[in-house]
Amino acid sequence: MISIHDVEATVAEKVEKLCRPINYEVLGSEILNLLDDYLAKHSNITINGFAEKNGISPSSLYYLKKSDRRSKIKADLVLKVACGVSGSKNPASVIQEAKGEVGALLKSAYQSLLMPNKLSTEPELDKYLTNKNAMIIALLAHNKSGTTRREIKELLDGFAIQELEKMLSAEVLKEENGKITGHVESLYLDAEQTKSAVAYLSHFAKTSEIEKGQNDIKVFWGSLTPEGIKKRKEVTQKYIAELREIYNTHETEDGIPDFTTILADTITAPDLGELQ
(Lines give C-alpha, C1' and ligand atoms only; values in the text may rest on other atoms or scores of the structure.)
Protein backbone atom coordinates (compact mmCIF):
# COMPACT_ATOMS: atom_id res chain seq x y z
CA MET A 1 0.00 0.00 0.00
CA ILE A 2 1.31 3.46 -0.87
CA SER A 3 1.48 5.70 2.19
CA ILE A 4 0.67 9.41 2.28
CA HIS A 5 4.39 10.08 2.82
CA ASP A 6 5.29 8.16 -0.34
CA VAL A 7 2.83 10.27 -2.31
CA GLU A 8 4.19 13.46 -0.76
CA ALA A 9 7.71 12.49 -1.80
CA THR A 10 6.56 11.72 -5.34
CA VAL A 11 4.80 15.08 -5.62
CA ALA A 12 7.76 16.93 -4.11
CA GLU A 13 10.09 15.41 -6.72
CA LYS A 14 7.84 16.73 -9.47
CA VAL A 15 7.37 20.26 -8.13
CA GLU A 16 10.37 21.75 -9.92
CA LYS A 17 9.35 20.12 -13.19
CA LEU A 18 5.74 21.25 -12.85
CA CYS A 19 6.47 24.84 -11.81
CA ARG A 20 7.51 26.01 -15.25
CA PRO A 21 6.08 28.87 -17.31
CA ILE A 22 2.84 27.84 -19.03
CA ASN A 23 2.39 28.48 -22.75
CA TYR A 24 -1.07 30.03 -22.52
CA GLU A 25 -1.53 30.23 -26.28
CA VAL A 26 -1.11 26.46 -26.53
CA LEU A 27 -3.17 25.97 -23.37
CA GLY A 28 -6.10 27.91 -24.86
CA SER A 29 -5.94 25.86 -28.05
CA GLU A 30 -5.87 22.59 -26.09
CA ILE A 31 -8.91 23.56 -24.03
CA LEU A 32 -10.86 24.66 -27.10
CA ASN A 33 -9.97 21.41 -28.87
CA LEU A 34 -11.21 19.38 -25.89
CA LEU A 35 -14.42 21.39 -25.82
CA ASP A 36 -14.97 21.23 -29.60
CA ASP A 37 -14.41 17.46 -29.64
CA TYR A 38 -16.88 17.02 -26.77
CA LEU A 39 -19.58 19.15 -28.44
CA ALA A 40 -19.05 17.32 -31.75
CA LYS A 41 -19.70 13.99 -30.00
CA HIS A 42 -22.69 15.39 -28.09
CA SER A 43 -24.61 17.26 -30.77
CA ASN A 44 -27.57 17.79 -28.45
CA ILE A 45 -25.47 19.94 -26.09
CA THR A 46 -24.67 23.57 -26.86
CA ILE A 47 -21.71 25.48 -25.50
CA ASN A 48 -24.12 27.36 -23.23
CA GLY A 49 -25.60 24.08 -22.05
CA PHE A 50 -22.15 22.69 -21.33
CA ALA A 51 -21.29 25.82 -19.35
CA GLU A 52 -24.46 25.68 -17.27
CA LYS A 53 -24.09 21.97 -16.55
CA ASN A 54 -20.54 22.42 -15.29
CA GLY A 55 -20.91 25.62 -13.27
CA ILE A 56 -19.12 27.82 -15.82
CA SER A 57 -20.08 31.26 -17.06
CA PRO A 58 -20.73 31.00 -20.84
CA SER A 59 -18.80 34.25 -21.31
CA SER A 60 -15.72 32.52 -19.86
CA LEU A 61 -15.78 29.95 -22.68
CA TYR A 62 -16.17 32.60 -25.37
CA TYR A 63 -13.32 34.45 -23.67
CA LEU A 64 -11.05 31.49 -24.44
CA LYS A 65 -11.49 32.10 -28.15
CA LYS A 66 -9.70 35.46 -27.93
CA SER A 67 -6.02 34.70 -28.33
CA ASP A 68 -4.98 38.10 -26.98
CA ARG A 69 -6.56 37.25 -23.60
CA ARG A 70 -5.44 33.67 -23.10
CA SER A 71 -2.67 34.72 -20.74
CA LYS A 72 -5.41 35.31 -18.15
CA ILE A 73 -6.92 31.80 -18.28
CA LYS A 74 -7.56 30.63 -14.71
CA ALA A 75 -6.82 27.14 -13.45
CA ASP A 76 -10.34 26.90 -11.99
CA LEU A 77 -11.85 27.32 -15.46
CA VAL A 78 -9.48 24.78 -17.01
CA LEU A 79 -10.33 22.23 -14.31
CA LYS A 80 -14.09 22.70 -14.73
CA VAL A 81 -13.81 22.25 -18.52
CA ALA A 82 -11.57 19.21 -18.11
CA CYS A 83 -13.95 17.62 -15.58
CA GLY A 84 -16.97 18.40 -17.77
CA VAL A 85 -15.39 16.93 -20.88
CA SER A 86 -14.27 13.79 -19.05
CA GLY A 87 -17.60 13.35 -17.24
CA SER A 88 -15.67 12.63 -14.03
CA LYS A 89 -16.71 13.89 -10.60
CA ASN A 90 -13.22 13.28 -9.22
CA PRO A 91 -11.02 16.33 -9.91
CA ALA A 92 -7.88 14.56 -8.66
CA SER A 93 -8.14 11.82 -11.29
CA VAL A 94 -8.78 14.39 -14.04
CA ILE A 95 -5.70 16.36 -12.97
CA GLN A 96 -3.58 13.22 -12.81
CA GLU A 97 -4.58 12.13 -16.32
CA ALA A 98 -4.42 15.57 -18.01
CA LYS A 99 -1.74 15.97 -20.70
CA GLY A 100 0.08 18.82 -22.41
CA GLU A 101 -0.20 22.39 -21.15
CA VAL A 102 -3.56 21.55 -19.56
CA GLY A 103 -1.85 18.91 -17.46
CA ALA A 104 1.11 21.18 -16.65
CA LEU A 105 -1.15 23.98 -15.42
CA LEU A 106 -3.46 21.75 -13.37
CA LYS A 107 -0.67 19.74 -11.75
CA SER A 108 1.13 22.95 -10.82
CA ALA A 109 -1.96 24.74 -9.52
CA TYR A 110 -3.51 21.78 -7.70
CA GLN A 111 -0.59 19.81 -6.32
CA SER A 112 -2.51 19.17 -3.09
CA LEU A 113 -5.30 17.38 -4.99
CA LEU A 114 -2.85 14.74 -6.16
CA MET A 115 -2.81 13.26 -2.65
CA PRO A 116 -5.07 10.27 -1.79
CA ASN A 117 -8.55 11.71 -1.46
CA LYS A 118 -12.26 11.14 -1.81
CA LEU A 119 -13.09 14.47 -3.45
CA SER A 120 -16.05 14.88 -5.78
CA THR A 121 -17.56 17.84 -7.56
CA GLU A 122 -21.21 18.81 -7.93
CA PRO A 123 -21.69 21.55 -10.56
CA GLU A 124 -25.46 21.66 -9.91
CA LEU A 125 -24.74 22.90 -6.40
CA ASP A 126 -22.34 25.67 -7.42
CA LYS A 127 -24.98 28.33 -8.05
CA TYR A 128 -26.11 28.17 -4.42
CA LEU A 129 -22.65 28.48 -2.88
CA THR A 130 -22.41 32.24 -3.38
CA ASN A 131 -24.77 32.56 -0.40
CA LYS A 132 -23.15 32.34 3.05
CA ASN A 133 -25.91 30.27 4.63
CA ALA A 134 -26.09 27.91 1.66
CA MET A 135 -22.32 27.41 1.75
CA ILE A 136 -22.32 26.46 5.45
CA ILE A 137 -25.34 24.15 4.98
CA ALA A 138 -23.62 22.43 2.05
CA LEU A 139 -20.42 21.91 4.05
CA LEU A 140 -22.38 20.48 6.99
CA ALA A 141 -24.38 18.20 4.70
CA HIS A 142 -21.36 16.79 2.86
CA ASN A 143 -19.82 14.74 5.63
CA LYS A 144 -20.61 11.41 7.28
CA SER A 145 -22.62 13.06 10.05
CA GLY A 146 -24.75 15.17 7.70
CA THR A 147 -26.80 17.87 9.41
CA THR A 148 -30.32 18.57 10.69
CA ARG A 149 -32.78 21.44 10.59
CA ARG A 150 -32.20 21.95 14.32
CA GLU A 151 -28.44 22.28 13.86
CA ILE A 152 -28.90 24.71 10.97
CA LYS A 153 -31.27 26.89 13.01
CA GLU A 154 -28.86 26.93 15.96
CA LEU A 155 -25.81 27.83 13.90
CA LEU A 156 -27.18 30.20 11.26
CA ASP A 157 -29.60 33.10 10.95
CA GLY A 158 -33.33 33.00 10.27
CA PHE A 159 -32.90 33.00 6.49
CA ALA A 160 -30.91 29.76 6.51
CA ILE A 161 -33.97 27.51 6.31
CA GLN A 162 -35.09 29.37 3.18
CA GLU A 163 -31.78 28.50 1.53
CA LEU A 164 -32.12 24.91 2.72
CA GLU A 165 -35.58 24.62 1.16
CA LYS A 166 -34.25 25.95 -2.16
CA MET A 167 -31.49 23.35 -2.24
CA LEU A 168 -33.83 20.53 -1.24
CA SER A 169 -36.33 21.57 -3.92
CA ALA A 170 -33.54 21.63 -6.52
CA GLU A 171 -32.48 18.17 -5.25
CA VAL A 172 -28.85 19.22 -4.75
CA LEU A 173 -29.31 18.09 -1.13
CA LYS A 174 -31.58 15.38 0.27
CA GLU A 175 -33.47 14.91 3.53
CA GLU A 176 -34.23 11.45 4.87
CA ASN A 177 -35.41 10.60 8.38
CA GLY A 178 -34.52 14.06 9.60
CA LYS A 179 -30.93 13.88 8.28
CA ILE A 180 -29.80 16.29 5.56
CA THR A 181 -26.96 15.06 3.33
CA GLY A 182 -25.39 15.65 -0.06
CA HIS A 183 -25.25 13.35 -3.07
CA VAL A 184 -21.48 12.82 -3.02
CA GLU A 185 -19.24 11.63 -0.22
CA SER A 186 -17.21 14.84 0.00
CA LEU A 187 -17.57 18.21 -1.69
CA TYR A 188 -14.85 19.84 -3.81
CA LEU A 189 -14.79 23.66 -3.75
CA ASP A 190 -12.94 25.63 -6.40
CA ALA A 191 -10.53 28.44 -5.45
CA GLU A 192 -13.12 31.25 -5.33
CA GLN A 193 -15.55 29.10 -3.34
CA THR A 194 -12.76 28.10 -0.96
CA LYS A 195 -11.88 31.76 -0.44
CA SER A 196 -15.50 32.46 0.52
CA ALA A 197 -15.58 29.38 2.77
CA VAL A 198 -12.52 30.65 4.68
CA ALA A 199 -14.30 33.93 5.37
CA TYR A 200 -17.60 32.29 6.31
CA LEU A 201 -16.08 29.63 8.55
CA SER A 202 -13.88 32.13 10.40
CA HIS A 203 -17.02 33.37 12.18
CA PHE A 204 -17.26 29.99 13.92
CA ALA A 205 -13.76 30.25 15.39
CA LYS A 206 -14.31 30.48 19.15
CA THR A 207 -11.48 32.78 20.25
CA SER A 208 -12.73 32.72 23.84
CA GLU A 209 -11.91 28.99 24.03
CA ILE A 210 -8.32 29.06 22.77
CA GLU A 211 -7.00 28.36 26.26
CA LYS A 212 -8.92 25.07 26.33
CA GLY A 213 -6.64 23.79 23.59
CA GLN A 214 -9.18 22.83 20.91
CA ASN A 215 -8.49 25.80 18.64
CA ASP A 216 -5.51 26.85 16.58
CA ILE A 217 -5.61 30.46 15.42
CA LYS A 218 -2.50 32.14 14.03
CA VAL A 219 -1.51 34.61 11.31
CA PHE A 220 2.07 34.75 10.02
CA TRP A 221 3.11 38.03 8.45
CA GLY A 222 6.32 39.09 6.75
CA SER A 223 8.12 40.03 3.55
CA LEU A 224 9.57 36.85 2.10
CA THR A 225 12.21 36.27 -0.52
CA PRO A 226 11.20 34.14 -3.52
CA GLU A 227 13.07 31.27 -1.84
CA GLY A 228 11.07 31.87 1.35
CA ILE A 229 7.80 31.72 -0.60
CA LYS A 230 8.88 28.41 -2.17
CA LYS A 231 9.60 26.97 1.28
CA ARG A 232 6.26 28.25 2.61
CA LYS A 233 4.50 26.52 -0.28
CA GLU A 234 6.30 23.26 0.47
CA VAL A 235 5.20 23.44 4.12
CA THR A 236 1.55 24.16 3.30
CA GLN A 237 1.41 21.36 0.71
CA LYS A 238 2.69 18.86 3.29
CA TYR A 239 0.27 20.29 5.87
CA ILE A 240 -2.65 19.88 3.47
CA ALA A 241 -1.70 16.28 2.70
CA GLU A 242 -1.46 15.33 6.37
CA LEU A 243 -4.75 17.04 7.22
CA ARG A 244 -6.55 15.30 4.38
CA GLU A 245 -5.34 11.97 5.72
CA ILE A 246 -6.69 12.87 9.18
CA TYR A 247 -10.12 13.90 7.86
CA ASN A 248 -10.33 10.86 5.57
CA THR A 249 -9.30 8.43 8.30
CA HIS A 250 -11.04 9.76 11.41
CA GLU A 251 -14.36 11.08 10.10
CA THR A 252 -17.33 9.17 11.58
CA GLU A 253 -21.10 9.43 11.51
CA ASP A 254 -21.20 10.50 15.15
CA GLY A 255 -18.25 12.89 14.84
CA ILE A 256 -18.01 16.53 15.89
CA PRO A 257 -18.31 19.05 13.00
CA ASP A 258 -14.79 20.43 12.57
CA PHE A 259 -13.00 22.67 10.08
CA THR A 260 -9.50 23.74 9.12
CA THR A 261 -8.88 26.63 6.73
CA ILE A 262 -5.68 27.45 4.87
CA LEU A 263 -5.09 30.72 3.06
CA ALA A 264 -1.54 31.62 2.07
CA ASP A 265 -0.68 34.18 -0.57
CA THR A 266 1.39 37.22 -1.42
CA ILE A 267 -0.15 40.65 -0.83
CA THR A 268 1.27 42.00 -4.08
CA ALA A 269 1.60 40.10 -7.37
CA PRO A 270 5.28 39.25 -7.99
CA ASP A 271 6.65 38.22 -11.35
CA LEU A 272 5.85 34.50 -11.52
CA GLY A 273 9.29 33.95 -12.97
CA GLU A 274 10.75 34.90 -9.61
CA LEU A 275 8.88 32.03 -7.97
CA GLN A 276 9.83 29.46 -10.60
Side-chain angles (χ1 to χ4, degrees), residues 1-22 74-76 78-79 90-96 98 103-119 139 143 186-207 209-251 256-276:
M1 178 179 292
I2 299 176
S3 72
I4 188 71
H5 301 292
D6 293 330
V7 178
E8 287 172 14
T10 301
V11 173
E13 291 171 2
K14 295 181 178 179
V15 168
E16 289 300 321
K17 180 179 179 181
L18 295 175
C19 293
R20 62 172 177 77
I22 300 297
K74 294 183 178 180
D76 284 350
V78 176
L79 181 56
N90 188 326
S93 66
V94 172
I95 294 168
Q96 190 68 60
L105 175 68
L106 294 181
K107 290 180 176 67
S108 176
Y110 296 103
Q111 293 169 29
S112 64
L113 291 188
L114 299 180
M115 308 302 177
N117 65 85
K118 55 180 182 182
L119 296 179
L139 294 177
N143 60 55
S186 187
L187 185 65
Y188 165 71
L189 302 178
D190 66 27
E192 284 300 317
Q193 292 165 341
T194 300
K195 182 179 177 181
S196 296
V198 170
Y200 298 159
L201 288 169
S202 66
H203 295 289
F204 293 94
K206 297 175 282 297
T207 55
E209 298 184 7
I210 293 176
E211 294 180 358
K212 295 181 180 180
Q214 75 177 42
N215 302 334
D216 295 293
I217 300 175
K218 181 66 177 178
V219 173
F220 292 94
W221 178 272
S223 297
L224 298 180
T225 63
E227 182 63 25
I229 292 174
K230 285 183 180 180
K231 288 184 177 299
R232 185 259 290 158
K233 289 172 65 178
E234 291 173 3
V235 169
T236 54
Q237 292 299 328
K238 180 178 180 181
Y239 182 46
I240 289 169
E242 292 180 349
L243 282 169
R244 173 164 295 128
E245 180 71 1
I246 291 170
Y247 281 98
N248 286 355
T249 304
H250 296 280
E251 186 182 18
I256 302 168
D258 181 271
F259 70 91
T260 301
T261 66
I262 299 173
L263 180 61
D265 205 346
T266 58
I267 300 296
T268 55
D271 179 357
L272 291 179
E274 295 180 38
L275 307 181
Q276 295 170 342

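All values below come from the heavy atoms of this structure, side chains included, with hydrogens, waters and symmetry mates left out. Throughout, residue positions are numbered sequentially from 1 according to the sequence presented.
Not counting sequence neighbours, S202 has no partner by the side-chain contact (heavy atoms from CB on, under 4.5 Å) test. Remark: T207 engages I210, I217 in a side-chain contact (heavy atoms from CB on, under 4.5 Å) (not counting sequence neighbours). Evaluation of the side-chain hydrogen bond (donor to acceptor under 3.5 Å, both in side chains) rule for N215 yields no partner, not counting sequence neighbours.
Between L189 and L139 the shortest side-chain heavy-atom distance falls below 4.5 Å.
For the residue pair Y239 and I262, the shortest heavy atom distance occurs at CD2-CD1, 3.6 Å. Residues A98 and K107 come closest through the heavy atom pair O-NZ, 2.9 Å. Between E251 and N143 the shortest heavy-atom distance is OE2-CB, 2.8 Å. Shortest non-hydrogen contact noted between A264 and T236 is CB-CG2, 4.4 Å.
For the atom pair CG (D265) and CZ (R232), the distance works out to 6.5 Å, reported to the nearest 0.5 Å. K231 NZ to E227 CD: the interatomic distance, rounded to the nearest 0.5 Å, is 5.0 Å.
Using modelled atom types, one finds a donor on one side chain and an acceptor on the other under 3.5 Å when comparing Y247 with D258.
Within 6.0 Å of CZ on F204 lie more than 12 heavy atoms contributed by other residues, nucleotides or ligands.
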